[in-house]
Q: 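This is the structure I have questions about; it appears just below.
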Amino acid sequence: MSGRVYASILKKASGCTLTLNSSNVTSFQTRPAHPCHFSSWGCTSRADLLGFSVGESGNWSQSWRHLSTHQDLDYQLSRVQINSILRANEQTVSVPEFDGRGLSAVRKFESNQLAANTPNEDRRSAATCLQSKGMLFGVFDGHGGWACAQAVSERLLYYIAVAMMPKLSLEVLEKCMENSRPVPPILQWYKHHADFNYRESASLYIDHLRVFWQELLDNEEHGQGLSPPEALDCAFKRLDADISLEAQVPLSSDLMKSTAIQVAFAGCTACVAHVGTDGIHVANAGDCRAVLGVQEEDGSWSALPLSQDHNSQNLAEVERLKAQHPPSERDTVVTDDRLLGVLMPLRAFGDVRFKWSHELQQSILASLESGVDVDSLNLYQYTPPNYLTPPYLDVAPEITYHKLRPQDRFLILGTDGLWDELGSEEAVRLVGEHLSGIHLQAPVSPSERQLKLGQIHELLLKRRARASPALDTNVATHLIRHALGTGEYGELCQERLASMLTLPEDLARMYRDDITATVVYLNSDLARLHHS
């Protein structure tokens with residue numbers, strides 16, 4: 001990195017495992033990422049109380065952990081070093097076309113994560129539903145720490161799968177639990193080797209999952225189980241209610257209690273897709289996003305959004321929130337593009353500071369003082385401004401359905417760190433051209449033929465950039481590389497990418513967010529069969 005770019009950066013900087021499992025530097029422009037979700041909490045992450053190691057967190061490196069902006073930094077990474085950082089958390093899973101229960105709508109999926117926070121506050125999940133048809137994929141963007149995203153990534157897919165199970169299958173689960181027999185697996189998880197689990201809370205998580213299925217058993221209308229959209233809606237709401245409850249009730253150990261408190265007071269957004277043989281259901285709460293990649297008859301690619309961002313840019317969402325509170329609060333519910341001037345996503349798990357009464361929050365934090373060091377949990381005595389008629393936040397997901405068609409080729413799930421850098425159409429084009437190996441170039445238009453020599457040169461540079469070969473076999477890595485390393489003409493800029501990857505811990509979050517991307521390749525042959 002040149003001294004000019006480095007000085008520019010400094011200037012800007014100053015302004016359980018559940019037992020239910022089956023298996024040209026000068027032109028470099030640095031763009032600050034969106035501020036962290038909690039402006040009042042700052043962008044540094046909390047101390048880890050649960051032995052959360054660097055490997056487990058998916059953090060990109062620990063060699064820069066103790067660097068500050070005042071140290072002499074070497075930004076010149078080799079291509080090998082860049083690739084090592086970018087590929088550290090990538091995952092590729094091929095799915096059998098026929099798994100013994102029927103044809104699969106998923107051929108394979110590829111995923112990756114790159115941290116900006118230390119530790120990473122994003123999480124991801126993927127699993128096959130063993131007691132019902134379909135696969136589940138989720139991306140989770142934590143804020144106020146990683147605790148809530150961690151818990152939701154472990155638990156939510158279980159809640160969804162259980163809600164879809166027929167009553168007879170739930171009865172089998174219950175009898176096995178009653179008689180202390182092995183419980184039939186509910187999910188086949190696809191875990192990355194660095195994935196972390198709250199082992200100390202596993203028994204609590206199982207107990208509350210069991211209470212959930214017991215209530216489903218008591219429901220005479222449950223029968224063959226909830227439909228995917230019903231299950232998604234029910235699971236989101238029920239898990240959030242359990243997270244709130246667990247922070248309020250006595251628990252067997254101080255560690256378990258502190259974990260429950262951390263989970264509830266932190267927060268996370270979530271986007272989950274259930275991919276079945278007939279179509280895709282997406283449940284979204286917050287500002288993660290699901291986008292379908294569609295290949296048109298001429299071979300070009302288009303993006304079909306399957307979710308909407310729940311933030312201040314979504315005017316319907318802002319109006320929904322305002323309608324839930326007195327007219328006197330219309331100017332304070334969303335201020336400075338944030339909920340009560342503090343929180344960027346307008347739907348989320350956890351975040352009890354925006355859900356509980358002020359009295360309940362004080363009571364819970366006061367109850368910790370005897371057994372747990374509140375300061376060590378980074379739980380500050382803080383109430384959002386104009387906190388008059390809670391709750392101001394909920395996790396009710398917005399659910400969409402898309403019937404699969406032969407031209408539907410892949411689904412991208414990404415946290416907002418990806419979408420801060422790439423538009424939906426650009427992401428789909430990158431994945432589509434990576435998939436097909438064909439880079440379509442539009443014919444030179446009549447207006448382009450009138451360009452001056454310098455403008456023609458610029459146009460040629462842009463067209464050449466589009467046709468450059470992919471450096472990564474994993475398409476999620478391909479997306480992240482382009483999100484952070486794209487230069488002025490759409491070309492991959494080695495210096496820009498190196499600079500973004502070598503920012504020290506106290507600067508990284510100012511210029512980029514944690515990024516998680518999962519790309520699900522769809523079985524177009526199955527869709528053709530259904531359309532024939």
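For the single chain, residues carry numbers from 1 onward in sequence order. These numbers come from a predicted model, not from an experiment.
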Q: Below 4.5 Å, heavy atoms only, C-beta onward: do Leu114 and Leu501 meet side chain to side chain?
A: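 Counting from C-beta outward, Leu114 and Leu501 do come under 4.5 Å.
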Q: Could you tell me whether Glu215 atom CD has more than 12 heavy atoms of other residues or ligands within 6.0 Å of it?
A: yes
Q: Are Leu365 and Phe265 packed together at the side-chain level, in the sense that at least one heavy-atom pair is separated by less than 4.5 angstrom?
A: yes
Q: Whether the side chain of Trp419 engages the backbone of Gly414 through a donor-acceptor N/O pair (distance < 3.5 Å, no angle test) should be reported.
A: yes
Q: Hey, what do you get for OG1 (Thr477) to CD1 (Ile85), rounding to the nearest 0.5 Å?
A: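 So the OG1 of Thr477 and the CD1 of Ile85 are separated by 13.0 Å.
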Q: Quick one: closest heavy-atom pair of Asn120 and Arg123, and the distance?
A: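 Heavy-atom minimum between the residues: O-NH1, 2.9 Å.
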Q: Evaluate the side-chain proximity of Cys176 to Pro184: yes if any heavy-atom separation is below 4.5 Å, no if none is.
A: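 In short, these two side chains touch, coming nearer than 4.5 Å.
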Q: Looking at Met256, is its backbone amide N or carbonyl O close enough to the side chain of Ser253 to form a donor-acceptor pair, meaning the two atoms are under 3.5 Å apart?
A: yes
Q: Would you say Asn474's side chain and Ala476's backbone share a donor-acceptor pair under 3.5 angstrom?
A: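 Checked: pair present.
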Q: Decide side-chain contact (heavy atoms from CB on, under 4.5 Å) for Trp189 and Leu157; before the verdict, give the C-alpha distance in whole Å, the side-chain angles of both, and the deciding distance to 0.1 Å.
A: CA-CA 10 Å; Trp189 284 94; Leu157 270 56; 4.0 Å; yes
Q: Step by step, work out the side-chain contact (heavy atoms from CB on, under 4.5 Å) result for Arg155 and His208.
A: CA-CA 10 Å; Arg155 307 174 67 182; His208 279 189; 4.0 Å; yes
Q: Is a salt bridge present between Arg210 and Glu174, judged by a nitrogen-to-oxygen distance below 4.0 Å?
A: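 Salt bridge present between Arg210 and Glu174.
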Q: Out of curiosity, Leu187 CG to Thr128 OG1, how far, rounded to the nearest 0.5 Å?
A: 8.5 Å
Q: Indicate yes or no: at least one non-hydrogen side-chain atom of Asp351 is less than 4.5 angstrom from one of His143.
A: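 When only atoms from C-beta onward are counted, His143 and Asp351 do touch, with a gap below 4.5 Å.
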Q: Heavy-atom count check: over 12 atoms from other residues, nucleotides or ligands less than 6.0 Å from Asp336 CG?
A: no
Q: So which heavy atom on Phe140 is nearest to which on Ala270, and how close?
A: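 Answer, listing the atom of Phe140 first, then Ala270: CD2-CB, 3.5 Å.
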Q: Could you go through the salt bridge (Lys or Arg N to Asp or Glu O under 4.0 Å) check for Arg320 and Glu317 one step at a time?
A: CA-CA 5 Å; Arg320 181 188 71 87; Glu317 181 70 4; 2.7 Å; yes
Q: Which value, rounded to the nearest 0.5 Å, describes the distance between Leu86 atom CG and Arg481 atom CZ?
A: 5.0 Å
Q: Any donor and acceptor pair, going by atom type alone, linking the side chain of His310 with main-chain N or O of Pro397 inside 3.5 Å?
A: no
Q: Just to verify, which of Asp122, Thr269, Asp287 counts as forming a side chain to side chain donor-acceptor pair (under 3.5 Å) with Thr415?
A: Asp122
Q: Of all heavy-atom pairs between Leu346 and Ser312, which one has the smallest distance, and what is that distance?
A: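 Where Leu346 meets Ser312 most closely, the heavy atoms are CD1-N, 3.9 Å.
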Q: On a heavy-atom basis, which atom in Glu154 and which in Tyr205 lie closest, and how many Å separate them?
A: OE1-CE1, 4.1 Å
Q: Aromatic rings Phe137 and Phe109: how do their planes relate, parallel, tilted or perpendicular, breaks at 30° and 60°?
A: perpendicular
Q: Measure the shortest side-chain to side-chain distance between Leu217 and Glu171 over non-hydrogen atoms and say whether it is less than 4.5 angstrom.
A: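 Result yes, sub-4.5 Å side-chain heavy-atom pair found.
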Q: With a 3.5 Å distance limit and no angle check, can you tell me whether Asp195 reaches the backbone of His192 through a side-chain donor-acceptor pair?
A: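 Yes, because the side chain of Asp195 sits within donor-acceptor range (under 3.5 Å) of the backbone of His192.
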Q: Might you confirm whether atom CG of Asp331 has over 12 heavy atoms from other residues, nucleotides or ligands at distances under 6.0 Å?
A: no
Q: Distance from Leu479 atom CG to Leu484 atom CG, nearest 0.5 Å?
A: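 Atom-to-atom, Leu479:CG and Leu484:CG are 11.0 Å apart.
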Q: Within the side chain of Asn197, is there an N or O that forms a donor-acceptor pair under 3.5 Å with the backbone of Arg199?
A: no
Q: Apply side-chain contact (heavy atoms from CB on, under 4.5 Å) to residues Asp416 and Asp309 and explain how you reach the verdict.
A: CA-CA 9 Å; Asp416 70 336; Asp309 300 349; over 6 Å; no
Q: Taking the side chain as C-beta and beyond, is there a heavy-atom pair between Asn311 and Met344 under 4.5 Å?
A: no
Q: Do Gln248 and Ser244 get their side chains close enough for a donor-acceptor pair, meaning under 3.5 Å?
A: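 A donor-acceptor contact under 3.5 Å links the two side chains.
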Q: Please tabulate, for side-chain N and O atoms in residues 228-237, each donor-acceptor pair with protein atoms closer than 3.5 Å (sequence neighbours left out).
A:
residue	atom	partner	partner atom	Å
Glu230	OE1	Ser227	N	3.0
Glu230	OE1	Ser227	OG	3.0
Asp233	OD1	Lys237	NZ	3.3
Asp233	OD2	Lys237	NZ	3.1

Q: Side chains of Arg124 and Thr516: any donor to acceptor distance under 3.5 Å?
A: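 Checked: Thr516/Arg124 side chains show no N/O donor-acceptor pair below 3.5 Å.
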Q: Can you tell me how the ring of Trp146 sits relative to the ring of Phe196, calling it parallel under 30°, perpendicular over 60° and tilted otherwise?
A: perpendicular
Q: What distance do Asp207 atom CG and Glu246 atom CD have between them, rounded to the nearest 0.5 Å?
A: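 It is 9.5 Å, given to the nearest 0.5 Å.
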Q: Could you check whether any side-chain heavy atom of Asp394 comes within less than 4.5 Å of a side-chain heavy atom of Gln324, counting everything from C-beta outward?
A: yes
Q: Quick one: does Lys167's side chain have a donor or acceptor within less than 3.5 Å of a partner on Gly225's backbone?
A: no
Q: Answer with yes or no whether the side chains of Thr259 and Glu200 bring together a donor and an acceptor at under 3.5 Å.
A: no
Q: Would you give the length of the straight line joining atom CG of Leu170 to atom CD of Gln214, rounded to the nearest 0.5 angstrom?
A: 10.5 Å
Q: Going through the distances and angles, do Val282 and Cys271 end up as a side-chain contact (heavy atoms from CB on, under 4.5 Å)?
A: CA-CA 7 Å; Val282 172; Cys271 187; 3.8 Å; yes
Q: Could you tell me whether a side-chain N or O of Asn284 sits under 3.5 Å from a main-chain N or O of Glu398, the two making a donor and an acceptor?
A: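 Not a single qualifying donor-acceptor pair exists.
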Q: Is there a donor-acceptor contact under 3.5 Å from the side chain of Thr518 to the main chain of Leu413?
A: no
Q: Please report the closest heavy-atom contact between Gly417 and Glu421, naming both atoms and the distance.
A: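 That closest heavy-atom pairing would be O-CG, 3.6 Å.
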Q: Any side-chain heavy-atom pair from Arg338 and Leu343 closer than 4.5 angstrom?
A: no
Q: Measure from the side-chain N and O atoms of Glu121 to the backbone N and O of Ala149, and report whether any donor-acceptor pair falls under 3.5 Å.
A: no
Q: Should the heavy atoms of other residues, nucleotides or ligands under 6.0 Å from CD of Glu220 be counted, would the total exceed 12?
A: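 No.
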Q: Classify the ring geometry between Tyr387 and Tyr392 as parallel (under 30°), tilted (30 to 60°) or perpendicular (over 60°).
A: tilted
Q: Specify the closest pair of heavy atoms between Ala283 and Ile399, including all atoms of both residues, with the distance to one decimal.
A: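 Smallest heavy-atom distance, with atoms named: CB-CG1, 4.0 Å.
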